[in-house]
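These numbers come from the heavy atoms of this one structure, side chains and all, not from hydrogens, waters or symmetry mates.
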Amino acid sequence: MRVKFFIFLLALLSVGMTACSPDGKKGSGGGAYNDKELTGERDSLRYARNLTLDRIGEGENTIYVATVRNPWDTVKRMERYLLVPKGMDLPGDLPEGKVVRVPVNNALIYSSLHSGLVGDLGAGKAIGGVCNARYITDKELSGRIARGEVTDCGEGMNPDMEKIIQLHPEVIMLSPFENNDRYAKVAQLGIPVIECADYMETSPLGQAEWMKFYGLLFGKGDEAGDRFDGIEKRYNDLKAQAARSEFKPKVLMDEVYSGSWSVPGGESTMGRLIEDAGGVNPFSGYRKSGGVSLAPEKVLMEAGDADVWLVRYNQKSEKTLPELSRDAPVNSQFKAFKRGEVYGCNTQYIPFFDETPFHPDLLLEDLSRIFRSVGGEEPENTRYFRKMK
């Protein structure tokens, strides 16, 4: 009976929840990145490169058009969303795209990063389900999951499809990957999938600016705009302060994992953060917006003289320098290790990945304090990184 019930619901949802454009065509994923057919007023996004927001109409009948550019093939768009107020009749001349009725009151969110932002914007009650619940550090949301108020839909790589169908979410928010079909099952449900490609932006403020789109989804557009303005001002003030420093330390990130070392590319948000905090990214020549996988010997050759080493890790106990040296033979050969300028962030207890993408000003302040203190005392009041003992 359980299997029959699942098949019945799957068929029902596939018919009743298909997200189409007003003319009956399915969503616009894979189309050319061409916004000439949009006739509304474009909202100004100052930093985001893979997102545009347009407005059609006025007042309570305003429809927002969010267009996501494919970050791996920038001449194409990944998806377009038509954010239509609930209760409003659909106009007949809307551009092609997935219709999403807003504000969303029941969302399935894969990442603790995005569930944290939705909570910060005051729309936490709209989180109906989550994936990867074990990574959630927010106590309030964790409590709601434990009490059954928020559905735990399992792991993002292999979600519980029956729970998703029973949840009947209005949208599913997840992060896309290049040439990856692991979300094919949920896409077949016809529920609008929000492609959260914010992590592929080339600047910290560009990624943070996506909160304007997410705010519109949950009826918190004004709150998101005000929040971003404050973050932008603080970030740029800290950046200007760091630019006045004469000492520019070379910075190494993380460590080897399964034989490969992922370092920040020259167009990555972490690479930009290092530079904006007054440091030097030794891998800036790799013009990639994400991480670059290198052999540990290559990392030692290019960054063996790094002045400071920042290591993010996840374990029950605090990592120490002796432990770091045992992780890989190459680790003890770096100058930063020899001088004790290694700073660790234990993400099992510190919400680094939940906070920093939409609060880059907090991370920039941390990095600036560390870079100014290299060779001296441990910096005070750091939020994420502590000097390894």
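- The shortest heavy-atom contact between Gly57 and Thr62 is O-OG1, 3.7 Å.
- The main-chain N or O of Tyr47 is found under 3.5 Å from a side-chain atom of Arg49 such that the two form a donor-acceptor pair.
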- Could you walk me through whether Arg101 and Glu170 pass the salt bridge (Lys or Arg N to Asp or Glu O under 4.0 Å) check? CA-CA 8 Å; Arg101 291 291 188 167; Glu170 297 169 63; over 6 Å; no

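- Side-chain atoms of Glu341 and Asp307, non-hydrogen and from C-beta on, never get closer than 4.5 Å to each other.
- Put simply, OG on Ser268 and CG on Asn281 are 6.5 Å apart, with the number rounded to the nearest 0.5 Å.
- Surrounding OH of Tyr349 are more than 12 heavy atoms belonging to other residues, nucleotides or ligands, all under 6.0 Å away.
- In this structure, Lys163 contributes its side chain and Asp152 its backbone to a donor-acceptor pair below 3.5 Å.
- A donor-acceptor contact shorter than 3.5 Å is absent between the side chain of Arg80 and the backbone of Val65.
- Shown here for Gly265 and Val292, the closest heavy-atom pair between the two residues is CA-CG2, 3.9 Å.
- Dense packing is recorded around NZ of Lys86, with more than 12 heavy atoms of other residues, nucleotides or ligands lying under 6.0 Å away.
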- Task: Show your working on salt bridge (Lys or Arg N to Asp or Glu O under 4.0 Å) between Lys389 and Glu318 and close with a plain yes or no.
- Result: CA-CA 9 Å; Lys389 306 300 182 184; Glu318 296 300 306; over 6 Å; no

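- Under the 3.5 Å distance criterion, the side-chain polar atoms of Asp366 are matched with a main-chain donor or acceptor of Tyr384.
- Of the N and O atoms on the side chains of Thr382 and Arg386, at least one donor lies less than 3.5 Å from an acceptor on the other residue.
- Here the closest heavy-atom approach between residue Phe283 and residue Pro264 is recorded as CB-O, 3.6 Å.
- You'll find the side chain of Leu252 reaches within 4.5 Å of the side chain of Trp261, heavy atoms only.
- Put simply, CG on Leu217 and CE on Met211 are 13.5 Å apart, with the number rounded to the nearest 0.5 Å.
- With rounding to the nearest 0.5 Å, the separation of CD1 in Ile136 from CG in Leu113 is 11.5 Å.
- For Asp229, the CG atom is densely surrounded, since the number of other residues' heavy atoms within 6.0 Å is greater than 12.
- Contact of the Gln188 side chain with the Met161 side chain is not registered, since no non-hydrogen atoms from C-beta on lie closer than 4.5 Å.
- Contact between Pro95 and Leu82 at its shortest, heavy atoms only, is O-CD1, 3.3 Å.
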- Can Glu96 and Arg77 be said to form a salt bridge (Lys or Arg N to Asp or Glu O under 4.0 Å), step by step? CA-CA 12 Å; Glu96 183 184 32; Arg77 66 171 176 256; 3.7 Å; yes

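- Looking at Ser112 and Asp138, their side chains never come closer than 4.5 Å, going by heavy atoms from C-beta outward.
- The CD atom of Glu365 sits 7.5 Å away from atom OG of Ser368, with the distance rounded to the nearest 0.5 Å.
- Side-chain atoms of Glu209 come within 3.5 Å of backbone atoms of Arg46 as a donor-acceptor pair (strictly under, hydrogens ignored).
- A distance of 4.5 Å separates OH in Tyr313 from CG in Asn346, rounded to the nearest 0.5 Å.
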- Going through the checks in order, is the salt bridge (Lys or Arg N to Asp or Glu O under 4.0 Å) test met by Glu255 and Lys319? CA-CA 12 Å; Glu255 61 173 322; Lys319 188 181 286 290; 3.7 Å; yes

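- The aromatic rings of Trp309 and Phe334 sit tilted relative to each other, their planes meeting at an angle between 30° and 60°.
- Side-chain contact between Tyr64 and Phe213 is absent, with no heavy atoms from C-beta onward closer than 4.5 Å.
- Nearest heavy atoms, Gln348 versus Lys316: OE1-CG, 3.5 Å.
- Defined by atom type and a distance below 3.5 Å, a donor-acceptor pair is present between the side-chain atoms of Tyr286 and Glu302.
- Side-chain contact between Glu275 and Lys248 is absent, with no heavy-atom pair separated by less than 4.5 Å.
- A tilted orientation is assigned to the rings of Tyr199 and Phe177, their planes being inclined by 30° to 60°.
- Side-chain contact between Thr269 and Pro360 is absent, with no heavy-atom pair separated by less than 4.5 Å.
- For Lys239, the side-chain hydrogen bond (donor to acceptor under 3.5 Å, both in side chains) test picks out no residue, with sequence neighbours left out.
- For Asp254 (side chain) and Arg312 (main-chain N/O), a donor-acceptor pair under 3.5 Å exists by modelled atom type.
- Judged purely by atom type and a 3.5 angstrom limit, Asn50 has no side-chain atom pairing as donor or acceptor with the backbone of Val68.
- Under the 3.5 Å distance criterion, the side-chain polar atoms of Gln315 are matched with a main-chain donor or acceptor of Ser317.
- Between Pro71 and Thr74, the closest heavy-atom pair is O-CG2, 4.0 Å.
- Interatomic distance, Glu232 CD to Asp237 CG, rounded to the nearest 0.5 Å: 10.0 Å.
- At distances below 3.5 Å, at least one donor-acceptor pair connects side-chain atoms of Ser325 with backbone N or O atoms of Pro322.
- The environment of Arg339 atom CZ is sparse: at most 12 non-hydrogen atoms of other residues, nucleotides or ligands sit within 6.0 angstrom.
- Side-chain contact between Met200 and Ser175: absent, with no pair of heavy atoms (C-beta onward) separated by less than 4.5 Å.
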Show me the side-chain donor-acceptor pairs of residues 119-135 shorter than 3.5 Å, one per line, residues at least two apart or across chains.
unit_1	atom_1	unit_2	atom_2	d
Asp120	OD2	His359	NE2	3.4
Asn132	OD1	Gly156	N	2.9
Asn132	ND2	Tyr110	O	3.2
Arg134	NE	Glu155	OE2	3.3

